[in-house]
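These figures come from a predicted structure and were not determined experimentally.
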Amino acid sequence: MAGSGYTTASRKKILEYLKQNSDRAVSANNIWMYLRECDSEVNITTIYRYLDKLAKEGTVMKYVAEKGGQAVYQYVELGHHCEEHLHLKCVRCGKIIHLDCAFMDEICMHILSDHGFTLQCRNSILYGVCAQCSE
């Protein structure tokens, strides 16, 4: 599944980097710099194209950036069902936590009953500062 189709050395390295950093969101620029360090020159457009392909497959989650920022991506283990829960993202280090705990169901029910909204969690993310970064 991950990157089905033809596989190049560059694609393998991109997927390797995404897996090694699956606990946080990374940008195409982060990947590009990693590939340069590995002496693997790849055009940034090629990286974006492959990331979009992986996002369509569900191998990575694409988080659309805030105004003026760039999109970031996170590798998702098969069967993780990220579209069914919320996420927390640290605005300093990029770490992402999946909020797939039962308490989130209570929050969804509260939002529906008290505010009349049904949460659609697809790529839904809450921003804050993680404990390590706030020290």
Side-chain angles (χ1 to χ4, degrees):
M1 172 149 173
S4 60
Y6 72 95
T7 303
T8 64
S10 298
R11 284 185 174 199
K12 284 181 185 176
K13 286 207 177 289
I14 291 169
L15 201 53
E16 173 186 291
Y17 180 80
L18 289 165
K19 287 179 179 179
Q20 289 172 354
N21 293 280
S22 64
D23 65 332
R24 66 188 188 96
V26 298
S27 67
N29 195 50
N30 295 136
I31 295 169
W32 181 73
M33 290 188 311
Y34 167 76
L35 292 174
R36 287 188 63 189
E37 290 172 7
C38 296
D39 293 326
S40 181
E41 291 292 325
V42 177
N43 186 305
I44 193 82
T45 305
T46 302
I47 295 169
Y48 275 111
R49 243 186 259 125
Y50 187 51
L51 287 170
D52 285 341
K53 178 181 174 21
L54 292 174
K56 285 179 186 168
E57 292 176 353
T59 303
V60 298
M61 292 291 292
K62 179 178 181 179
Y63 299 101
V64 179
E66 304 86 40
K67 268 188 184 177
Q70 58 183 341
V72 291
Y73 304 83
Q74 182 188 23
Y75 179 78
V76 178
E77 292 291 332
L78 184 61
H80 212 279
H81 305 290
C82 281
E83 68 279 356
E84 297 173 7
H85 59 256
L86 297 170
H87 303 84
L88 289 176
K89 180 183 178 204
C90 179
V91 295
R92 293 189 185 158
C93 69
K95 179 179 182 175
I96 292 185
I97 296 173
H98 300 264
L99 297 175
D100 52 1
C101 52
F103 181 65
M104 295 314 300
D105 293 336
E106 291 180 43
I107 291 174
C108 290
M109 291 305 297
H110 166 78
I111 290 171
L112 177 60
S113 65
D114 289 15
H115 305 285
F117 276 79
T118 301
L119 274 184
Q120 295 180 358
C121 292
R122 185 98 175 108
N123 292 341
S124 296
I125 191 160
L126 304 171
Y127 297 91
V129 178
C130 72
Q132 291 87 0
C133 290
S134 63
E135 294 176 346

Quiz item: For the hydrophobic clusters of this structure (ILVMFWY residues joined by side-chain heavy atoms under 4.5 Å, transitively), does one cluster hold both Phe117 and Met109?
Solution: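 Result: no, two separate clusters.
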Practice problem: Find out if a path of hydrophobic residues (ILVMFWY) with successive side-chain heavy-atom gaps under 4.5 Å connects Leu112 to Phe103. | Solution: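 As far as the 4.5 Å side-chain criterion goes, Phe103 and Leu112 are not connected within one cluster.
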Quiz item: When you check the gap from the basic side-chain N to the acidic O, do Glu16 and Lys12 get nearer than 4.0 Å?
Solution: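 No, this pair does not count.
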Could you list the residues that satisfy side-chain contact (heavy atoms from CB on, under 4.5 Å) with [X], not counting sequence neighbours?
| X | answer |
| --- | --- |
| Cys38 | Lys13, Tyr34 |
| Asn30 | Tyr17, Val26, Ser27, Met33 |
| Ser10 | Thr8, Ser40, Val42 |
| Thr45 | Asn43, Arg49 |

Quiz prompt | Residue pair Tyr73, Tyr48: steps toward the side-chain contact (heavy atoms from CB on, under 4.5 Å) verdict | solution = CA-CA 10 Å; Tyr73 304 83; Tyr48 275 111; 3.8 Å; yes
Self-check item: Partners passing salt bridge (charged side-chain N to carboxylate O under 4.0 Å, His left out) against Asp52 (at least two apart in sequence or in another chain)
Solution: Lys62
Quiz item: Which is it for Lys95 and Lys89 under the side-chain contact (heavy atoms from CB on, under 4.5 Å) test, yes or no, and what are the steps along the way?
Solution: CA-CA 6 Å; Lys95 179 179 182 175; Lys89 180 183 178 204; over 6 Å; no
From [atom1] ([X]) to [atom2] ([Y]), nearest 0.5 Å:
| X | Y | atom1 | atom2 | value |
| --- | --- | --- | --- | --- |
| Trp32 | Glu41 | CH2 | CD | 7.5 Å |
| Glu135 | Cys130 | CD | SG | 8.5 Å |
| Leu51 | Lys56 | CG | NZ | 12.0 Å |

Quiz item: Is Leu18 close to Ile31 at the side-chain level, that is, under 4.5 Å between some pair of heavy atoms?
Solution: yes
Quiz item: Are any of the side-chain heavy atoms of Thr46 and Tyr50 separated by less than 4.5 Å?
Solution: no
Practice problem: Could you pull out the closest heavy-atom pair between Arg24 and Gln74, with the gap in Å? | Solution: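 Closest approach of Arg24 to Gln74, heavy atoms only: O-CG, 3.7 Å.
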Quiz item: Do you know the tightest heavy-atom contact between Val129 and Arg92?
Solution: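 Smallest heavy-atom distance, with atoms named: CG1-NH1, 3.8 Å.
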Exercise. Would you please name every residue forming a side chain to side chain donor-acceptor pair (under 3.5 Å) with His115, sequence neighbours left out?
Key: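 His115: side chain to side chain donor-acceptor pair (under 3.5 Å) contacts with His110.
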